[in-house]
> 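After the structure tokens below, expect a handful of questions from me.
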Amino acid sequence: MNVFHFKKGTEICNYNYSGNILSIRLNRQRLVVCLEESVYIHNIKDMKLLRTLLNIPRNPTGLSALSINHSNSYLAYPGSASMGEIMVYDANILKIECTIPAHDSPLAAITFNSTGTKLASASEKGTVIRVFSIPEGQRLYEFRRGMKRYVNISSLIFSMDSQFLCVSSNTETVHIFKLEHIPERSEENSSWSGYVGKMFMAASNYLPSQVSDMMNQDRAFATVRLSFLGHKNACTLVTIQKLPRLLVSSSSGHLYIYNLDPQDGGECVLIRKHSLHGSGKLDAGREGDGETPTPVSYAATVAGQKGPPSNSMMTGYSEDGGALRGELIPEHEFAVGPVQLDDEKEFPPVSIHGP
């Protein structure tokens with residue numbers, strides 16, 4: 001593993017591990033490296049190795065999640081190779097916080113919200129999404145993504161305000177769930193609809209648990225029907241010009257931007273389609289048709305930047321000594337809270353401008 005300081009163009013450190021690195025997670029306090037049967041936790045300010053979690057359940061995909069809020073540096077990873085158990089580890093004080101029996105089948109996706117107070121999970125079946133409180137591990141929400149078929153979950157992510165949860169898979173549908181508690185009906189509600197609702201809930205107590213659970217699961221607040229099928233995709237929920245947007249990128253090299261109605265939900269509308277292949281092509285939707293097409297894609301911008309960092313690299317790590325001569329990251333370079341994209345001007349650059 002190599003860690004670079006991009007502002008200075010130098011290598012901060014490098015580190016060798018005993019196996020293949022399957023995933024890396026970091027916030028402004030911790031850097032976590034996941035191997036198949038072990039996890040390494042580093043202090044990101046000086047890159048010292050703080051703790052090694054050995055002999056964890058086999059995790060062939062490196063599935064893990066780390067809260068981006070460094071005040072709540074919770075780490076989540078599978079606690080079982082055969083069941084959907086989640087281990088929640090406090091990476092600040094270096095101890096196990098709780099164990100969550102989330103699903104009956106192995107985990108496929110886990111993610112924290114921006115504050116590190118909620119954790120969402122999905123199993124390999126991909127039909128049910130659950131949300132838990134952190135650090136208590138109590139179930140808060142249960143959503144049903146589908147019933148007829150099992151799917152492979154591609155993305156599972158909260159919006160920055162934790163009001164929505166987005167799930168995408170290898171199907172053509174993206175589901176967006178709204179995290180809200182529906183107030184219970186008053187006992188004085190003697191209307192016909194209230195009576196039927198009470199009878200319906202009472203009857204569910206006599207049905208098999210699988211059926212009663214399904215009756216109590218919430219459905220999607222909003223959906224997107226993708227124009228492609230079979231391509232791996234990644235989704236995120238952002239705010240652009242104070243409006244909620246859903247971004248979907250596909251392995252075909254396209255970025256899709258959809259409108260999300262935060263009040264009524266429903267079917268999301270495609271606003272824009274960007275090409276990430278460097279051709280600069282742009283397909284405009286109903287909104288912003290008069291805008292100028294992007295001249296250069298973000299991928300082309302990254303590829304066209306200056307060469308690799310300078311060779312003035314620092315010696316980094318040994319297995320037993322932590323950082324030997326690692327460069328300390330200055331305190332002023334750490335933000336107080338998590339980074340947020342409040343405005344489209346804060347998105348990665350899409351063109352290179354001369355001096």
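Values reported hereafter were calculated over all heavy atoms of this structure, with side chains retained and with hydrogens, waters and symmetry mates removed.
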> Just jot down the salt bridge (Lys or Arg N to Asp or Glu O under 4.0 Å) partners of Glu97, sequence neighbours excluded, or say none.
Lys95
> Could you pull out all residues at least two apart from Leu255 that satisfy side-chain contact (heavy atoms from CB on, under 4.5 Å)?
Leu247, Ser249, His274, Leu276
> Using links of under 4.5 Å between side-chain heavy atoms of ILVMFWY residues, direct or through other members, which residues join Leu50 in one cluster?
Val32, Val39, Ile41, Leu53, Ile56, Leu66, Leu75, Tyr77, Met87, Tyr89, Leu94, Ile96
> State which residues pass salt bridge (Lys or Arg N to Asp or Glu O under 4.0 Å) with Arg58; sequence neighbours excluded, sorted by chain then number.
Glu36
> Using only atom types and a distance under 3.5 Å, with no angle test, would you say the side chain of Asn152 pairs donor to acceptor with the backbone of Asn170?
no
> Can you name the residues that form a side-chain contact (heavy atoms from CB on, under 4.5 Å) with Asn92, not counting sequence neighbours?
Gln29, Arg30, Ser73, Asp90
> Using side-chain hydrogen bond (donor to acceptor under 3.5 Å, both in side chains) as the criterion, list what pairs up with Ser105, not counting sequence neighbours.
Ser123
> Can you list everything that forms a side-chain hydrogen bond (donor to acceptor under 3.5 Å, both in side chains) with Thr61? Sequence neighbours excluded, please.
none
> Checking Ser133 now: which residues fulfil side-chain hydrogen bond (donor to acceptor under 3.5 Å, both in side chains) with it, not counting sequence neighbours?
Glu136
> Apply ring-ring contact (aromatic ring centres under 6.0 Å, His included) to residues Tyr256 and Phe228 and explain how you reach the verdict.
CA-CA 11 Å; Tyr256 303 83; Phe228 59 88; 5.4 Å; yes
> I'd like to know if the side chain of Thr171 pairs up with that of Ser169 as donor and acceptor (distance under 3.5 Å, no hydrogens or angles considered).
yes
> Short question: side chain of Ser114, backbone of Met160 - any donor-acceptor pair under 3.5 Å?
yes
> In terms of heavy-atom contacts, does CG of Asp261 have more than 12 from other residues, nucleotides or ligands at under 6.0 Å?
yes
> Go through the structure and list residues passing side-chain contact (heavy atoms from CB on, under 4.5 Å) with Pro106, not counting sequence neighbours.
Glu124
> Can you list the other members of the hydrophobic cluster that holds Leu54, where links are side-chain heavy atoms under 4.5 angstrom apart?
none
> Just jot down the side-chain hydrogen bond (donor to acceptor under 3.5 Å, both in side chains) partners of Asp161, sequence neighbours excluded, or say none.
Ser159
> Please enumerate all residues that pass side-chain contact (heavy atoms from CB on, under 4.5 Å) together with Phe132, with sequence neighbours excluded.
Ile100, Ala102, Ser121, Arg130, Arg139
> Is the backbone of Leu49 close enough, under 3.5 Å, to the side chain of Asn43 for a donor and an acceptor to pair up by distance?
no
